[in-house]
There are 2 protein chains.
Amino acid sequence: MARFTPLDQQSIKRQNRRRILEALRRSGPVSRAALARAVGLTKSTVSSLVQEMLEEGLLSEGGPHSAGPGRPGTRLEICGENTLALGVELGVEGTQIVLLDLSNRTHGAWGWAVSPETPLSERLCELAAEVQHHIPDPARLLGVGLTLPGVVNEQALLYAPGPGWRNERPAEMLEALLGLPVVVENDANAAAFGETFWEEHPSPLLYIVLTTGLGTGLVVDGQVYRGRFGAAGELGHWLSGQARSRKEAQDAEDTLSLRAMIKGYQATSGRNEDFWRLLEQARAEDPYAIAALDRLAWELGRFVANLCVAFDPAVVVLGGPGAEAWPWLESPLRRALRDLAFLPEHAELPVKPSAFGHLASAMGAAALVLQRFLADGGARLRSPPTSHRVPSLTVGA
Amino acid sequence: MARFTPLDQQSIKRQNRRRILEALRRSGPVSRAALARAVGLTKSTVSSLVQEMLEEGLLSEGGPHSAGPGRPGTRLEICGENTLALGVELGVEGTQIVLLDLSNRTHGAWGWAVSPETPLSERLCELAAEVQHHIPDPARLLGVGLTLPGVVNEQALLYAPGPGWRNERPAEMLEALLGLPVVVENDANAAAFGETFWEEHPSPLLYIVLTTGLGTGLVVDGQVYRGRFGAAGELGHWLSGQARSRKEAQDAEDTLSLRAMIKGYQATSGRNEDFWRLLEQARAEDPYAIAALDRLAWELGRFVANLCVAFDPAVVVLGGPGAEAWPWLESPLRRALRDLAFLPEHAELPVKPSAFGHLASAMGAAALVLQRFLADGGARLRSPPTSHRVPSLTVGA
DNA sequence: GTATATAGTTCGTCCGCTGAACTTACTAAA
DNA sequence: TTTAGTAAGTTCAGCGGACGAACTATATAC
């Protein structure tokens, strides 16, 4: 039986600190008084909590801000320098990195391609070297978020069909290499989380990653839903048809994925081109390309309609390379959704492309690190508050 | 933006009271000292909280309980009389009622059949009359839980395909009729919740209701997952095939449901019999009946395998009339699951029949009422016990 | 009986939030 | 320029709730 850790007064404090940080993150620089109103605490409480956080170097004071009569407030801000998080997407075909902080600033974003067969350990070493070279003073980071294109269960990778990895422990490996806390997550889950972390979205949010294959991530009330083994949302592997074994069976990816669409396009047009070329053709109004995208959109609409009777999301966000085709997808998708919706409400379900494009997973990974930090009310995860005022850090944008 | 209600010391107290109640509910009569160990509080804290709850009539003291050397403890128990909850399942073909309390005692269970076309208002009046007649002093109830075979969103019924109800407000109606708080929930969700409330289960738990149609309920960490409109888990309406409209389309119920199975059975055997007769035939080893059940089991296994890549449950519970066929379903289902599992882990997924048979939904409904009560730390939802609520209460002394 | 062990109570202490009173710093009108 | 008005931020006594040590109560083992 789980050991209970009953709430104590400190947990209240932690909670209130978290709320202050979240309010600051959302509403930008505001005064203590405004903060108190926003989080529902008294001025005195906010004042003393803010005082602490200032001393810890978590917040910083800006100039006075006058608005109408009365004493002007002092602008409070989250100190970005001390709340840096690194987000890394280890994709099948490349690695993508972003460096962010809690004040919503992006300090850098870069990536590179890799060969799909590279072993995970090699990818991690490569990553570690990159971090050591390009990030001055990595010890200041709160941590590293790492996403993988596979099933992640309790920081372990169970299975990644794309690159063919099985039963790996990337968190431990990377922690050893970098000496930093590492959070591992499935790529679609991370992207879904990132979307809710930086944008205003209703809950539940369902994120669909449309790439070679198909995957989804679900965030409910700010929490990633993973299921027992982290396989929740692996809907690309939903079986249709009557086959007696998984190998013979057809799955959702076989009809809904860029791979499937390109196959159809190649068959009808006779052209042997990849997704990006196909998009170019569509821009040039090539009927084969447009027909292929239309079929994709319809399949996607059918899929979304089905997700409504499974997860009943309040919003659906489309990500992955497939999202680049959004202009061609939107209206046929909407039509399919209207024709196939179970509830009339589902026909109006908001569906939109990701706000972060190809950075979505990496941004989500970083968000997971920041989220952890917030959950602890901004407690220093490492290097307890001995010397708080550390020299400032600037990273190439 | 949601109004924040920051934690105060009272919420800690409420939380601790809840934990004490939950520990007592699980572990039966125990001493204050044992309780303190179980919930991780000090003896003094437990003592004072228990003192209060005794005075409120929430707990009662039993005789001393001696175990080895040392002063024997005083057995503490939840007072059933003051924690009664009524659970009602309004099914398509009948109404089922249970009367329970927090100490896990069943005070009664009964039901009756109704005509499927009866309007909802009539069903509720009939129910109210039944309650007034058969329950002495209904005012003592903590509340009534009501389940409906349809989509329930924020206490309103959006759509119930079975009886054909749409946009009804059963909670308000029943509250007016009975003068009691009412909680409304989808039948599968309630059954799922009941299963986690009274049995030890890992999370997430997925409950499959196999009746004429097909529905599921999901409970994650003790919370029912409903989605935006309460349509989550309406998987009977998952579409397969390429149809262009919902009417023409085939859905999961068309292949996986008792209706579908019976249709198949009637076609092969030429016999025009219902599910219960089919079960009798199976008991008599009729090959047609057994073949029909085998097909059902296989479809169910395929469905469960798919649910693993959608919800990735830690346990699946089978309910509804279909669960009565469990002896014939178990092994073919297991086989299908093994052949179709995405992860090796999924092949071993625990699948079991509901512990509560045809009472499952009604028990779940009652559980929802009790759960609310617990969440408030056992605060009287109605009729505050004289001096303990508004005036400043004297602790200890 | 004596020793030991456990149950339950009492009371002083600590911690975090509150609310009222206060100081500070600005705007606007006289 | 003065003065009233208003809002920001600080201070401090007080309160509620958990804690822990010391205490009392009541059993078993010998």
Side-chain angles (χ1 to χ4, degrees), chain A residues 4-20 29-55 59 61-76 377-379, chain B residues 4-20 24 27 29-55 59 61-77 377 379 388-397:
Chain A
F4 282 122
T5 56
L7 297 180
D8 52 359
Q9 282 140 315
Q10 283 191 38
S11 63
I12 294 186
K13 188 174 181 178
R14 197 162 48 234
Q15 176 81 299
N16 287 335
R17 283 172 56 117
R18 207 202 65 198
R19 281 175 167 165
I20 287 175
V30 287
S31 67
R32 290 166 173 78
L35 216 42
R37 286 189 297 268
V39 301
L41 293 166
T42 58
K43 283 191 299 174
S44 33
T45 307
V46 169
S47 216
S48 83
L49 293 178
V50 161
Q51 183 61 30
E52 261 186 53
M53 294 199 271
L54 282 169
E55 284 168 18
L59 304 184
E61 280 185 325
H65 169 63
S66 179
R71 173 177 167 180
T74 323
R75 301 179 111 107
L76 291 168
Chain B
F4 282 122
T5 57
L7 297 180
D8 52 359
Q9 282 135 317
Q10 282 192 36
S11 63
I12 294 186
K13 188 176 181 178
R14 198 164 44 234
Q15 177 81 296
N16 287 336
R17 285 173 55 119
R18 208 202 65 197
R19 280 176 168 163
I20 286 176
L24 278 174
S27 324
V30 288
S31 67
R32 289 166 174 77
L35 216 42
R37 286 190 296 267
V39 301
L41 294 166
T42 58
K43 281 191 299 174
S44 35
T45 306
V46 169
S47 216
S48 84
L49 293 178
V50 160
Q51 183 61 29
E52 262 184 52
M53 293 199 271
L54 282 170
E55 285 167 18
L59 304 183
E61 280 186 323
H65 169 64
S66 179
R71 173 177 166 180
T74 322
R75 301 178 112 109
L76 291 168
E77 230 174 330
H388 280 288
R389 294 282 292 177
V390 184
S392 62
L393 75 156
T394 37
V395 186

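Below, read A as the first sequence line, B as the second, and so on, with proteins coming before strands; counting in each chain starts at 1.
A side-chain contact (heavy atoms from CB on, under 4.5 Å) with Arg32(A) is found for one member of Glu61(A), Lys43(A), Arg37(A) and no other, namely Glu61(A).
Remark: Thr45(B) is not in phosphate contact with dA18(D), judged by side-chain N or O atoms under 4.0 Å from OP1 or OP2. Checking the phosphate oxygens (OP1, OP2) of dC17(C), a side-chain nitrogen or oxygen of Asn16(A) falls inside 4.0 Å. For the pair Ser31(A) and dG9(D), the criterion of a side-chain N or O lying under 4.0 Å from OP1 or OP2 is met. The phosphate of dT11(D) (OP1 or OP2) has no side-chain N or O of Ser44(A) nearer than 4.0 angstrom.
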Filtered N/O pairs between nucleotides 23-26 of chain D and protein, under 3.5 Å:
{"from": "dT26(D)", "atom 1": "O2", "to": "Arg71(B)", "atom 2": "N", "distance (Å)": "3.1"}

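The main-chain N or O of Gly377(B) is found under 3.5 Å from a side-chain atom of Arg17(B) such that the two form a donor-acceptor pair. Ser27(B) contributes no side-chain N or O that, together with a main-chain N or O of Leu24(B), makes up a donor-acceptor pair within less than 3.5 Å. In this structure a side-chain-to-backbone donor-acceptor pair under 3.5 Å is missing from Asn16(B) to Arg19(B).
Here the C1' atom of nucleotide dC17(C) and the CD atom of Gln15(A) are 14 Å apart, to the nearest Å. Rounded to an integer number of Å, the gap from Leu49(A) CG to dC15(C) P is 15 Å. As rounded to whole Å, 11 Å separates atom P of dG16(C) from atom CZ of Arg14(A). Following rounding to the nearest Å, Gln10(B) (CD) and dA18(D) (P) show an atom-to-atom distance of 10 Å. dC15(D) atom C1' lies 13 Å from atom CD1 of Ile12(A), rounded to whole Å. Taking atom CG of residue Leu76(B) and atom P of nucleotide dG8(C), one finds them 7 Å apart after rounding to whole Å. The distance between atom CZ of Arg18(B) and atom P of dA18(D), rounded to the nearest whole Å, is 14 Å. Whole-Å rounding puts the Lys13(A) NZ to dT18(C) C1' distance at 16 Å.
One finds the CZ atom of Arg14(B) at 13.0 Å from the CG atom of Leu49(B) (value rounded to the nearest 0.5 Å).
The heavy-atom pair separating Ile20(B) from Met53(B) by the smallest distance is CG2-CE, 3.6 Å. Of all the heavy atoms in Ser31(A) and Gly73(A), the pair that sits closest is CB-CA, 3.9 Å.
Among the atoms of the strands shown, none is found under 4.0 Å from any heavy atom of Ser48(A).
Applying the 3.5 Å distance criterion, the base of dG17(D) shares no donor-acceptor pair with the side chain of Gln9(B).
Taking for each of Gly68(B) and Arg75(A) the nucleotide of DNA chain D with the nearest heavy atom, the 5'-most of the two is the partner of Arg75(A).
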